[in-house]
Each structure stands twice: as structure tokens, then as C-alpha cells.
2 protein chains.
Amino acid sequence: MMNKAIFYHAGCAICVEAEQQVLWALDKNRYEVEVVHLMENQPAIALAEQAGVKSVPALLLDGAVFHINFGASLEEVKGRCHA
Amino acid sequence: MMNKAIFYHAGCAICVEAEQQVLWALDKNRYEVEVVHLMENQPAIALAEQAGVKSVPALLLDGAVFHINFGASLEEVKGRCHA
């Protein structure tokens with residue numbers, strides 16, 4: 001069975017760097033990778049929050065949250081989406 | 001040529017979780033992985049600092065720093081090592 005990786009981002013420069021490097025480094029033979037852009041997929045914000053995501057970029061590996069550097073808080077992402 | 005990943009940690013619970021999950025998820029066919037325990041290898045603290053590491057756990061991918069969650073600042077690690 002494949003492991004599951006979900007990368008949450010908001011399109012910021014720090015998000016893009018993490019996506020290009022950390023996500024690229026994952027073993028795609030073991031991980032099914034999903035990339036979720038929270039500014040373009042607002043319903044996913046609630047799912048990210050439920051998973052424990054506090055800021056982006058964040059990587060979920062089989063449900064465990066790893067915040068990678070700091071681009072923006074989830075609150076900031078929500079604020080911009082609702083504006 | 002292999003890519004180079006260096007994982008800096010200080011033995012804390014958050015470090016161990018990141019090591020077990022993020023490091024495990026890397027593609028070992030493309031990345032040569034080195035794990036550096038800063039409490040047991042104090043000379044490496046200066047190297048980590050030069051590389052831009054501000055806190056542990058941190059993952060260097062070909063020189064780019066990715067701080068993963070937050071276990072302790074590098075200043076805290078230094079303080080404990082000198083104590």
C-alpha cells in the first residue's frame with residue numbers, strides 16, 4: 001500500500017521553494033503525493049485545519065503534520081480568502 | 001551524482017518524529033542522507049549555523065535549509081552544550 005503525502009501551500013515564495021525541493025526529494029515509489037493550493041481550493045482550508053496545519057507550507061505524511069519553514073499562518077490564508 | 005541531505009537534530013521528541021517520518025520519506029536512491037546530532041557533535045553547531053539553520057529539527061537539501069516544526073532554537077542548543 002502506498003503512503004500518503006499531502007503538501008499544503010498558498011502560492012508564496014517559501015511555499016514554492018519547499019515544494020520544489022522537499023516534495024521533489026520524496027520517494028514517489030512509496031508516497032502518493034497530493035498538492036493542495038489553499039488559495040485556489042478554499043474548502044480544503046477546513047480539512048488542513050482539522051489535520052493540525054497551523055501554517056503553510058506544510059507537509060502531511062500519513063496524517064502527521066510537518067510545518068516547513070514559515071510562509072504564512074493559516075489565519076492569514078483564511079483572511080485573504082475571505083477578503 | 002547523488003543529492004545531499006543533512007538532517008540536524010538535538011535528540012528532542014519533535015526531532016525524532018521528523019527524523020522517523022520526513023527522513024524516512026526521502027528517496028534514498030537520489031539522496032545521500034547524513035544525520036547530525038548537535039548535542040553529541042558540538043563542532044557541527046557552527047557548520048549548521050553557517051548553513052542558515054536557526055532551529056532544530058532542520059533538513060538541508062543540497063544546501064537549502066528547511067526548518068521542520070520547532071523543537072529548539074540553535075541558541076538553546078548552544079546554551080545546553082556550553083552548560
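Residue numbers begin at 1 in each chain, while the letters A, B, ... track the order of the sequences. All values reported here derive from a predicted model rather than from experimental measurement.
- In terms of heavy-atom pairs under 4.5 Å with chain B, the best-connected choice from A:Asn3, A:Ile68, A:Asp62 is A:Ile68.
- A:Leu61 and B:Val22 make their closest contact through CD1-CA, 3.7 Å (heavy atoms, listed as atom of the first residue, atom of the second, distance).
- When the side chains of ILVMFWY residues are joined at heavy-atom separations under 4.5 Å, either directly or via intervening members, B:Leu23 and A:Leu23 end up in a single hydrophobic cluster.
- Panel note: side chain B:Asn69, backbone A:His67; a donor-acceptor pair is recorded below 3.5 Å.
- Hydrophobic clustering of Ile, Leu, Val, Met, Phe, Trp and Tyr side chains at less than 4.5 Å, counting indirect connections, unites A:Met39 with A:Tyr8.
- Counting all heavy atoms, side chain and backbone alike, A:Ala64 lies closest to B:Glu17 at CB-OE2, 3.9 Å.
- Hydrophobic clustering, with ILVMFWY side chains joined whenever heavy atoms are under 4.5 angstrom apart, keeps B:Ile14 apart from B:Leu38.
- Expressed to the nearest 0.5 Å, how far CG of A:Leu26 lies from CG of B:Leu26 amounts to 6.5 Å.
- Applying the 6.0 Å contact sphere to NZ of A:Lys54 captures no more than 12 heavy atoms from other residues, nucleotides or ligands.
- Considering all non-hydrogen atoms of both residues, A:Ala25 and B:Tyr31 come closest at CB-CE1, 3.4 Å.
- When hydrophobic clusters are built by joining Ile, Leu, Val, Met, Phe, Trp and Tyr residues whose side-chain heavy atoms come closer than 4.5 Å, directly or via intermediates, B:Val16 is not grouped with B:Val56.
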